[in-house]
Enquirer: 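After the structure tokens below, expect a handful of questions from me.
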Protein chains: 6
Amino acid sequence: MPLTRQNRAADALRPITITPDFLPRADGSALICCGHTRVLCTATLDENVPAWLRGTGRGWLTAEYGMLPASTQTRMRREAAAGKQSGRTQEIQRLIGRSLRAALDLGKLGERQILIDCDVLEADGGTRTAAITGAYVALAISLSRCLKSGKISANPLIGSVAAVSVGMVGGTARLDLDYPEDSGCDSDINLVMLNAEKIIEIQGTAEGAAFGTDELQQLIALAYKGIAQLAQLQQQAIEKAAS
Amino acid sequence: MPLTRQNRAADALRPITITPDFLPRADGSALICCGHTRVLCTATLDENVPAWLRGTGRGWLTAEYGMLPASTQTRMRREAAAGKQSGRTQEIQRLIGRSLRAALDLGKLGERQILIDCDVLEADGGTRTAAITGAYVALAISLSRCLKSGKISANPLIGSVAAVSVGMVGGTARLDLDYPEDSGCDSDINLVMLNAEKIIEIQGTAEGAAFGTDELQQLIALAYKGIAQLAQLQQQAIEKAAS
Amino acid sequence: MPLTRQNRAADALRPITITPDFLPRADGSALICCGHTRVLCTATLDENVPAWLRGTGRGWLTAEYGMLPASTQTRMRREAAAGKQSGRTQEIQRLIGRSLRAALDLGKLGERQILIDCDVLEADGGTRTAAITGAYVALAISLSRCLKSGKISANPLIGSVAAVSVGMVGGTARLDLDYPEDSGCDSDINLVMLNAEKIIEIQGTAEGAAFGTDELQQLIALAYKGIAQLAQLQQQAIEKAAS
Amino acid sequence: MPLTRQNRAADALRPITITPDFLPRADGSALICCGHTRVLCTATLDENVPAWLRGTGRGWLTAEYGMLPASTQTRMRREAAAGKQSGRTQEIQRLIGRSLRAALDLGKLGERQILIDCDVLEADGGTRTAAITGAYVALAISLSRCLKSGKISANPLIGSVAAVSVGMVGGTARLDLDYPEDSGCDSDINLVMLNAEKIIEIQGTAEGAAFGTDELQQLIALAYKGIAQLAQLQQQAIEKAAS
Amino acid sequence: MPLTRQNRAADALRPITITPDFLPRADGSALICCGHTRVLCTATLDENVPAWLRGTGRGWLTAEYGMLPASTQTRMRREAAAGKQSGRTQEIQRLIGRSLRAALDLGKLGERQILIDCDVLEADGGTRTAAITGAYVALAISLSRCLKSGKISANPLIGSVAAVSVGMVGGTARLDLDYPEDSGCDSDINLVMLNAEKIIEIQGTAEGAAFGTDELQQLIALAYKGIAQLAQLQQQAIEKAAS
Amino acid sequence: MPLTRQNRAADALRPITITPDFLPRADGSALICCGHTRVLCTATLDENVPAWLRGTGRGWLTAEYGMLPASTQTRMRREAAAGKQSGRTQEIQRLIGRSLRAALDLGKLGERQILIDCDVLEADGGTRTAAITGAYVALAISLSRCLKSGKISANPLIGSVAAVSVGMVGGTARLDLDYPEDSGCDSDINLVMLNAEKIIEIQGTAEGAAFGTDELQQLIALAYKGIAQLAQLQQQAIEKAAS
């Protein structure tokens, strides 16, 4: 059981803070910190929809994800300079988008689009799950503002969304992997849940050793525990923004 | 329970055929047909490795995936003409690569790279799982040829890999979804297994309704059943190529 | 006279087969095999026209061409991954488009566009001429279906189109060059003809030795002979699809 | 004199804070806030140099600049998604690079490259001058760390660099324009200075009204005043990082 | 004072010629030669405006700049082949556009766009200032033709625009730097002026040594002198085209 | 027989001038004017060869082609701004390269590369044939200079290359089509010849009406006539540069 965790228990989250309204002029925003991982999430309401939705009366939510070049230990190449987003970036932004759409009644949104931006200021593992968890807060803030201002008349939110990673590290199930754990684990699962109850997305990869259904059960149970705590922190941040 | 399945049982695969050596001059190749879905898979041994592996004595496997523009009911835009691969394409080729690397001892491969190409000739759902299942056959054929020809001295294969999709459609668990089922399902899971026993990758999405752990269990059990049959068909195709 | 041809006569085509409706759900499709060269051709009717034709009452035909990475002896780089189509690819798809437009009365087509896709599954020389010959079959099938279904009211086809390559190899004129002949020839001409009678396109290159008008005459005569046979095979395939 | 400035004097800077080591694991970093404008600046030492410097014994400094999509009042398109950096972005990163190179003895740096990243978290005018001012702090911190750790043996810094904007707004010369002033001004000059004494770069544009040499004099004098204050704040931040 | 200038005085322009109507079929064109530097400038009137101007009744002017690959001593890479314009190119074309827009009343232009093209046939320093000076001639010619032909009813030109470079070379202020001077100078300023009187753009860079306000004054005075001469040559060329 | 030709005979070239050394500092250059068509051609000797030729002792020649945006009656989009070269551009530069390589003994060139640039200043039909004809002059000049300077020791030129277009316009065979003829012709053939004797390239397209072998003969005979005159003009230009 070598990799960093210091005096954190195997079933403990890293210290989490969610700062709502980090960008006060955005429709909705939140800075989420999970240990050293810091992600700035914003939600922007856009009165246009993609062409294929015009005339349907339905809306959409789409997400973009990026890492600042210096967010990682070894500086990454800037994707804007490289001229394209990596496969990993596209995979993550598709995941964020699908996850948050599962919390929305897109018919109630009307012909509008919500643009989610998740930008990683500092990365130490779990950036995609932090992004989803933080983006939900930004989304909820922006929707509640739009309700107040009369921009929308009914709240399209049908539940809350949070995400966490779990993994087998040296034979032990651990919650909320940091970067050294993530790179050295046997297997790694990202779980996204609705209302801290039901699964929206499960993405598991055996990076070191294929796993059986027993281990899968054990990891999912651990994830439920973490998600319940995250959901509380989300709720507090949303209430703080409303006050 | 409306969507197409005609007289196929909920736990039955579509008719599957795997034609080894579809491209006789390739290092290894297979055409896999799962109902209307047809994917041409090839494996090419390349004596170069990516820069970051030079001098390590270890090899690599990477995969590319594409769909012919006319493979889908409504013609898709050609990615080469569009000038970039979609996020979906990149996500799938990353999945194929990770899945097959799990079956290889990359140290035994030596400083070589295996390039997998999966090109969809016709698409009717399940192209990514068909691609993994077919690509394993192409990979195994190419490695066994390289062993025979003395190009490599030890077989780096440490297991077989097959993949299948399962999903809840109108409340029922179904094996091997075709396109209408896939677009209309509540939730959809792709499972990749090693030796038809352990999980390498699990990717589940609640497109219609979030799911609980019970449904997850049920779907995984169904996938095991399908994978066992696919593994047999893979074995037959590999043996046919060797004879 | 060294290069492969085995017991094929200098004025003989390679064994040719044209399988109509290879993709049964496409508007029109054909798989053409010329020896080892195999090209999958499809025709898709699109109710949109390019911007510069809107309001003119006239239609258009455009073509795209691609090679599967593993279609060649040495694997080619995938153009979608490279992010652009090579000059050769663009040259070929422009040739296919021009050739087939010569067989159409674009006014009769109405404000519609036909998209031709030619994808090379296996390459052994002559892929561009095989693509034209096969694409004509896909085009004719799709138009006759559209007539039947009432989508169009008059057939815009004004003739048949077929293509073949001829070349001087070691001083001898040869018909339908395969890859070793093509790479080693003195000069190489691709001829596209209308109704097996008149020339639509002639593209000749002296790769080894510049040629005079006598050799040009001789090669053109040989091409006429091949085209006549191809036109018959095209007709048979079109009739088979109609039956 | 309509545009926002509230109770700030025409010759006063906005409230400025510079937080050194905002990214503790970077070689050098600083978050600079000038009113609502917030820019995260980092410096990374890279042991490679561009090809054209290999073998010369000399180093280089290059800069990249980006804006988070939600940093502006109206969300901007993400450049990584657009697939290229705008002309404005390239112009700014060239300016940052030239400005900081003026503070370095590139021979003393040795065959190394310093990569500066300036990422705008929130934008309210003056992002390019804030980026230069903050990037100098990140640069100085990283170099002093490299000296301590023995990575370099002599400090290549030959002076300090700071930048500010000045402009004629409604006929009055103003220091440190915010976004409303910047968009509505007659003319706008960005000045970069070495040691708060001499000019490295001057970029002036008459957006509303061409200006004479008198106005130019007046604006430059105002800029000197602001630069002197910025230089002090930079020094304090650098000392804090060293303590 | 080593760098080339031969028997040209420090305050003398290179030999300048401006040939109007170099492309007789363009709306307006001029070939400007400043010593060895030769730039072909054209102005094209386009009845479309960018989307963000539609319905405003106002027009726009935009500029593009390019260098022929063989225009420089060492052949440059062709930007069309590289697939993108360099940062330098974009910076220059933004400068040309801003400079010429300062000479136009865009409301009088109506909803039209003027496209300026500046293509460098031969480069020996000062291509951007030559481009601005030549492009003004092309612009003035095209507008006066449009007035005559009735395409526009009022001349939107509100002044003339010319540009020149000045710099400190080995401690001396020099006018109109050629390439060897430009590469070896201490500091280099490009000045764009309206009616040879007021400044539209000033861009100064200390490439070798930072400069004080005294030197800046001295250089600006020198620039005024050169601009006055250029303005005369521009006027002659415009009159010649009109005759 | 409506289209422009005024009092030029059907078998007459347009007025042709070839100005050698238009860019005096290039290795070799020529400006060729064929009526209104003006193309600037340069040849640059590069001591590098493409990777696939390293170690072979053989050289290469490659060509690039571009049109200035304002060279055409209706301004074209700048390819550098569009981010890619059109299919037409790529087709033409491949043709220029192949044509000139046919005049070289690449073994004698040694491991060097010749870069040909053909940039169209004004376009009125026949730009690709003018480019080939002019580029040959630039090539011959550069090689003869390299021989003199001792850069190469044997002249790799094995013949001269010139090109012309011919076409059937309203039933008549015409030499050297201008733009109105080219757009309105029945068929159009570009011929490239070695030593005004043998064919290197023939590219014929039936844009209006398919053609028979008789017409082909007639057009080729006409082309021979034009090529003979062009070859003389090329020779004179080369001699002038040498004197």
Side-chain angles (χ1 to χ4, degrees), chain B residues 21-31 35-48 62-86 88-90 93 113-124 135 138 142 179, chain C residues 21-31 35-48 62-86 88-90 93 113-124 135 138 142 179:
Chain B
D21 287 327
F22 185 81
L23 292 180
R25 298 176 305 173
D27 290 342
S29 72
L31 177 72
H36 282 296
T37 291
R38 284 188 273 176
V39 186
L40 175 48
C41 308
T42 60
T44 307
L45 214 77
D46 175 5
E47 293 298 318
N48 300 301
T62 192
E64 290 185 0
Y65 168 95
M67 297 180 85
L68 295 199
S71 63
T72 45
Q73 277 290 51
T74 306
R75 185 185 178 273
M76 286 175 46
R77 189 161 180 209
R78 185 178 293 266
E79 290 189 329
K84 62 174 183 172
Q85 295 179 300
S86 70
R88 177 184 172 276
T89 292
Q90 294 198 52
Q93 55 196 19
Q113 188 174 214
I114 299 169
L115 307 168
I116 298 293
D117 286 291
C118 298
D119 286 276
V120 177
L121 305 188
E122 193 173 12
D124 186 36
S142 73
Y179 182 71
Chain C
D21 286 329
F22 185 81
L23 291 181
R25 297 176 304 174
D27 290 343
S29 71
L31 177 73
H36 282 295
T37 290
R38 284 188 272 175
V39 187
L40 176 48
C41 308
T42 61
T44 308
L45 214 78
D46 176 6
E47 291 298 319
N48 301 300
T62 190
E64 290 185 0
Y65 168 94
M67 297 181 86
L68 295 199
S71 64
T72 46
Q73 277 291 48
T74 306
R75 183 183 179 276
M76 287 176 46
R77 187 158 182 212
R78 184 179 293 267
E79 291 188 329
K84 62 174 183 172
Q85 295 180 301
S86 71
R88 176 184 173 276
T89 292
Q90 293 197 54
Q93 54 196 19
Q113 186 173 215
I114 299 170
L115 308 168
I116 298 292
D117 287 288
C118 298
D119 286 275
V120 178
L121 305 188
E122 195 173 9
D124 186 36
S142 72
Y179 182 71

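Sequence lines set the chain letters: A, B, ... in the order given, protein chains first and strands last, and positions in each chain run from 1.
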Enquirer: Can you tell which of L115(B), D46(B), T74(B), L40(B) has the highest number of heavy-atom pairs within less than 4.5 Å of chain C?
Expert: L115(B)

Enquirer: Sequence neighbours left out, what passes salt bridge (charged side-chain N to carboxylate O under 4.0 Å, His left out) with E64(B)? Give chain and number order.
Expert: R75(C), R78(C)

Enquirer: Does any backbone or side-chain atom of C41(B) lie under 4.5 Å from a heavy atom of chain C? Answer side chain, backbone, both or neither.
Expert: neither

Enquirer: In Å, rounded to the nearest 0.5 Å, how long is the span from CZ of R38(C) to CZ of F22(C)?
Expert: 8.5 Å

Enquirer: Quick check for you: to the nearest 0.5 Å, what is the distance between T42(B) atom OG1 and D21(B) atom CG?
Expert: 12.0 Å

Enquirer: Who among L68(B), T89(B), T72(B), D119(B) has the most heavy-atom pairs with chain C under 4.5 Å?
Expert: D119(B)

Enquirer: Checking Q85(B) against chain C: side chain, backbone, both or neither under 4.5 Å from a heavy atom?
Expert: both

Enquirer: Got a donor-acceptor contact below 3.5 angstrom from the Q93(C) side chain to the Y65(C) backbone?
Expert: yes

Enquirer: By a 4.5 Å heavy-atom criterion (distance strictly below it), what part of D117(B) contacts chain C: side chain, backbone, both, or neither?
Expert: both

Enquirer: Within this structure, what is the CD1-OG1 distance for the pair I114(B) and T44(B), rounded to the nearest 0.5 Å?
Expert: 9.5 Å

Enquirer: Is any residue of residues 23-30 of chain B within less than 4.5 Å of chain C by heavy atoms, and which ones?
Expert: L23(B), P24(B), R25(B)

Enquirer: To the nearest 0.5 Å, what is the distance between CD (Q73(C)) and OH (Y179(C))?
Expert: 9.0 Å

Enquirer: Can you tell me how far apart OG (S86(C)) and CE (M67(C)) are? Round to the nearest 0.5 Å.
Expert: 9.5 Å

Enquirer: So which heavy atom on A138(C) is nearest to which on A43(C), and how close?
Expert: O-CB, 3.6 Å

